[in-house]
Structure formats: structure tokens, C-alpha cells
Amino acid sequence: MQDATDPLTGGNGMNRAVVGWEHEEPVPDHEFNDYLSSRNGRLFLEDLDLAGLFLDDGTESGLGRSLPSPLEIVYLPIIRRQIRRMNALFAEVIEELGYEGRFHYAYASKANAAEEVIRTTLSAGANHEMSSTADVDITLFMQKRGFLPAERFVICNGFKPSGTLYAGNILRLKAAHSNVIPVVEDFSEFPPLVNSGFNFDVGLRQKSYGHHRNLAEMDNHNSRFGLDENGIIKAASFIKSAPNLNLKLYHAMVGSQILDEDDFVSWLSPPMEIYARLRQEHPTLTIFDFGGGVPVPMTLDFEFDYREFVRRLLVTLQEVCDKYSVPVPDVMGEFGRYTTSEHGAHLFKVVTTKENSSKYPWYLIDGSIMSSFPDSWALAEHFIVLPLNHLDKPFRRVQLGGMTCDSDDVYPPKPSKSPLYLPVDGEDLYIGFFSIGAYQEMLGGVKGSKHCVLPEAFELIIDRQEKEPYNFELIKGQTSEDSLRNLGYFIT
Ligand SMILES: Cc1ncc(COP(=O)(O)O)c(C=O)c1O
């Protein structure tokens, strides 16, 4: 799930992403990024000794037992941290620029729709963005349990033409939670709203996906999302004439995992012009929603200046709005990958090492890379891979192979030029894939029957408030019987 500009260069333009430790020398004590560090030869996720989950008896961690490999890690404090950081950044830059609008953080639930994730984003103050009928049921579930305060926006993106389950379900949601904003991207989505009997704030989605320099290029881009400029103007007039609809939000998304602040803001500039012109005719319009696309470190060489992005975004909005003599809008972002990527990790044991005629030995792990991280083989996407132990011993360059019989079940992904180094000592070696918490689980599916019928791993949900001790919730993995039952085998 990324803007795959060139699959041969790793999808995101990086042909040599830094995915781990790239040296033969041991690295017993080192900070790899702001949540992964080695201490005395073991890898820590913040304060959690990851190898200890398998190798210790659980006294130290408070788990009270060692865990089986492979193991999925769901680390909720990082979700809260991401939301807190972005809110703080916008608040600072708004203050610095004297920007007269507000910022609304929304979580794009398609990145990861797990219950603990949605509960955490809502508890951390995020608004909610959705794209399907099941998302409505999730939102109602959260609302009933008190996690969705009345003032939170629920943004309904995705296709919802008349007669679809999603269109109908949005009306159920509206009855329970007034602050719902359907974002219309086709005229076929109007009838259910107009005939609903509810007064609706609505949004309009611009056909803006892609990398364009001006309005003409944007309109001519081949994208199935949203309305072109003409369509937006007509839809806005239609909304004005409908007694129960109120145009509140303008939505323009230009891509995903965009790694250049300049490009990001310049691709958003044509939509800003349309926003300002619309605002002249429709004073009810108050929110500019730039959709998703904000990147997150998925490798160790990530460079993106969030502050600079926010500053340029707001300065450009100020300039465009000045030009058209309209007030600046509130700004909304729908943060999917940014919110959830770093909270997920997947840990494996190296079950055997195997020399072969290539220069680099195979390290074979007790799970599947392909079905755990589909973007790695489908889009040649890179993730961080580090050993959990033996970091105080020499490293060598290796290739990782999964337990399936598939020749694509390898890492680094086939076209990648990134070297992967792991400790020479493969005895009782554990490794982790990091920054895999967005999209991978949703694409690979949860609790299904996967490639080569490998059962799904155990999952450990980890949380804590500030520096309190960790709380753990362990969810059992699948047995072979579970996955066989899905395939029609009832083996007792
Ligand atoms: C409408 C919309 N909003 C937000 C997102 C989230 O994007 P990202 O994960 O890049 O933040 C997506 C992703 O496809 C999207 O389609």
C-alpha cells in the first residue's frame, strides 16, 4: 500500500533503503531510531526486551511466562505518541504563523481496523475516517462503548452510491452520532443523503490523486477517486440547492508515503486554488482535508521534516486564501500509515541457516514473510529488520527466507539492492520486522487460511501509561486445525 512509482527501486523511489544494521561489527549498545535500541546485545522496543519474551521466564517483563515464536507485537503507546506529536506540531506552527484556522487529526481506519487500534486512536482524541460499511459497524460499536464523543468528526470516504449497504449504514450512524460528514465523490451518492430526513454536513472529494503541477494536469489524471473541477462546482451548487445539505469540507488526497515536503505541498496547491474559489461561493465551507499521504519511517534512512511540511502547508494555504480574499480553512489530515505503522512488529525465530552457492547464506524463519507483509513481495516495500539477540556478536550479510515453499517468500524483496546483515551466530537467534503495523495485516487477512496453510502467530497487545509497568494481553495463535477448518476439513 504505497505510491508505487517504480517497483524496481523499491516502490518508493529508494533503491537502497537502509533496512537494518549494515556492518559486520557487533552493535551491543546503539539507538537505531526513536523506539528501537540495543542494550547489552539485546534489542529493546522502548523499554521492552524483545528477546526476553522468548528466552526469559517472564519475571522481568511481568508476563510470567516465555512466549512461542512467531509472535505479533501490537504496541499501543506508539499510536498515542504519533497523535500527540502531530497535534503538538500543528499547534506550534499555527501559533508561529498566526494561522487563523484549527487542525483536526483524523485516523484513517483502513490502515488497521483492529479493535485495540481504533479504541486507542479515539481515546487519544482523534477524529475518525472510514471507507466501508463494516467501518460503520465498528464506529457504532465504539460509540456504544463511550469511545466516540459527540463532537468528534466521522468522515465517510469510499464509494457509497444509492442502494449500497454502506450508503444505508451511514444513515444508521447519523441517527446515533450527529457529527458525520459523508464525502461525496460521485453524483450517485446524493440521493440517499437528500432523502434521508437528516440535515447533513457533507464534503466533496476532488479528483486529485497523483503528481500534478497544475489544475489541467490534475483534471486529466487517470484516477477513479473524486470529481474533476467541473464536477466539484456542479456538486457544490447541487448541495446549495438541497434544503438538508450543507457543504462543510473539501477533500483532496494526492498520494501515500510521500517523502518530499516540497512535492507534497506543491501537489496539494492546485486543490487549494479550487478550495479558495469554492469558498468564495460557499461560505459554509470551512475544512480543507488533505487526506492521507503523510509518511512514516519504515526504514532506518527515513528523512522527512514534519515541521517543514506543516509550515509549508499552512503558509501556502494562507497565500492562496489571501489571493482569493477568503478566510483560511481549518485543516484536516487523515493519518493512516503515520498513525499505525510503527506500533506493529512481527518477531520470528531463525530455525536454520543454510550456506549456498550465492555469496549470502539463507536464514530461514519460522513463518511467512509473504503472507505477513504482502507489500514486501507485491510492491517490493522495505521494512526494518533487526536481530533481537546476539547484537554483541559479529554480523554477516544474509538473505531471509520464509517457511512457505514460495520462491517470493524472501527478504529483502527480490528487486531490492538493500543489504541485510544479521549475526553470524544463528543459534537461538530471533529477529523482528518493524514498522509493519499499517496495511500489512489488513491485506494479509486475519485468522484466515494462508499460503502453505501456515497457522497465524500468537499476538501480544502491549500497553502502558507513561512510564508505568507494561500491561499485556496475549491472543492465542491459530492451530493447524483452525486453518484447515476454514478450508472445509473437519479433523478431530
Ligand atoms: C481517502 C483516504 N484517506 C486517507 C488514507 C490514508 O492514507 P495514509 O495511510 O497514506 O495516511 C487513504 C489511503 O488509501 C485514503 O484513501
Side-chain angles (χ1 to χ4, degrees), residues 1-5 11-13 78-79 82-83 85-86 89-90 103-114 117-118 121 126-132 135 139 153-160 166 170 181-186 189 202-211 221 223-227 249-261 263-265 267-268 271 287-298 302 304 306 309-310 313 331-344 373-375 378-379 381 383 435-443:
M1 284 296 296
Q2 71 171 337
D3 196 30
T5 48
N12 55 13
I78 285 187
I79 293 181
Q82 292 294 88
I83 296 174
R85 279 185 183 171
M86 191 55 73
L89 202 55
F90 266 93
F103 169 60
H104 306 288
Y105 190 110
Y107 171 54
S109 60
K110 60 184 74 61
N112 189 323
V117 171
I118 307 278
T121 61
N127 299 285
H128 194 65
E129 187 267 350
M130 60 162 74
S131 49
S132 77
D135 281 334
T139 312
F153 293 116
V154 177
I155 308 297
C156 307
N157 279 315
F159 296 109
K160 42 201 164 319
Y166 187 22
I170 288 173
I181 306 186
V183 180
V184 171
E185 52 178 304
D186 188 74
E189 297 177 11
V202 290
L204 285 176
R205 181 164 183 176
Q206 178 74 46
K207 182 164 88 80
S208 55
Y209 208 91
H211 307 162
H221 196 79
S223 165
R224 69 187 194 283
F225 306 118
L227 296 158
L249 178 147
Y250 172 86
H251 183 288
M253 173 160 170
V254 291
S256 190
Q257 188 71 0
I258 303 168
L259 292 162
D260 185 293
E261 307 88 31
D263 286 347
F264 203 157
V265 176
W267 296 331
L268 281 170
I287 301 178
F288 180 87
D289 177 352
F290 66 84
V294 171
V296 72
M298 295 167 67
F302 176 83
F304 184 82
Y306 292 105
F309 163 67
V310 172
L313 180 74
V331 174
M332 179 177 280
E334 299 166 355
F335 300 84
R337 189 188 300 272
Y338 170 85
T339 314
T340 51
S341 191
E342 293 185 307
H343 93 291
F373 325 115
D375 278 347
L379 295 175
E381 188 146 68
F383 301 97
S435 206
I436 53 87
Y439 298 111
Q440 304 317 302
E441 192 172 69
M442 304 310 296
L443 288 173

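In each ligand, atom 1 is the first atom listed, and ligand 1 is the first ligand listed.
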| query | For S132, does its backbone N or O pair with a side-chain atom of K110 as donor and acceptor, under 3.5 Å? | reply | no
| Atoms of ligand 1 close to G336 [distance to a heavy atom under 4.0 angstrom, numbered from 1] | 8 (P), 9 (O), 11 (O)
| query | Could an N or O of ligand 1 be found under 3.5 Å from any N or O of Q257, whether backbone or side chain? | reply | no
| task | I would like to know whether F335 and M86 meet side-chain contact (heavy atoms from CB on, under 4.5 Å); could you show each step before the answer? | result | CA-CA 10 Å; F335 300 84; M86 191 55 73; 3.7 Å; yes
| task | Return yes or no for this condition: an N or O of F335 is under 3.5 Å from an N or O of ligand 1. | result | no
| note | Between F290 and the options F309, Y250, F103, the ring pair (Phe, Tyr, Trp, His ring centres under 6.0 Å) test singles out F309
| task | Check whether any N or O atom of M253, backbone or side chain, sits under 3.5 Å from an N or O atom of ligand 1, and answer yes or no. | result | no
| Side chain, backbone, both or neither: which part of A111 comes within less than 4.0 Å of ligand 1 when only heavy atoms are counted? | neither
| Among all residues two or more places apart in sequence or in another chain, which pass the side chain to side chain contact (heavy atoms under 4.5 Å, CB included) test with M253? | R205, Y209, H251
| For A111, what residues pass the side chain to side chain contact (heavy atoms under 4.5 Å, CB included) criterion, not counting sequence neighbours? | Y107, T340, A438, Y439
| query | Under 6.0 Å between the ring centres of F90 and Y105? | reply | no
| Ligand-residue contact atoms, ligand 1 with G293, heavy atoms, under 4.0 Å | 7 (O), 8 (P), 10 (O), 11 (O)
| note | Checking heavy atoms under 4.0 Å, the part of Y439 that sits near ligand 1 is side chain
| query | What distance do N127 atom CG and D289 atom CG have between them, rounded to the nearest 0.5 Å? | reply | 10.0 Å
| For ligand 1, which atoms sit closer than 4.0 Å to a heavy atom of E334? | 1 (C), 2 (C), 3 (N), 4 (C), 6 (C), 11 (O)
| request: Specify side chain, backbone, both or neither for R205, according to which of its non-hydrogen atoms lie closer than 4.0 Å to ligand 1. | output: side chain
| Do Y338 and F304 have ring centroids that are under 6.0 Å from one another? | no
| request: Can you sort out which atoms of ligand 1 are near A108, meaning under 4.0 Å from one of its heavy atoms? | output: 4 (C), 5 (C), 6 (C)
| query | For ligand 1, which atoms sit closer than 4.0 Å to a heavy atom of S256? | reply | 10 (O)
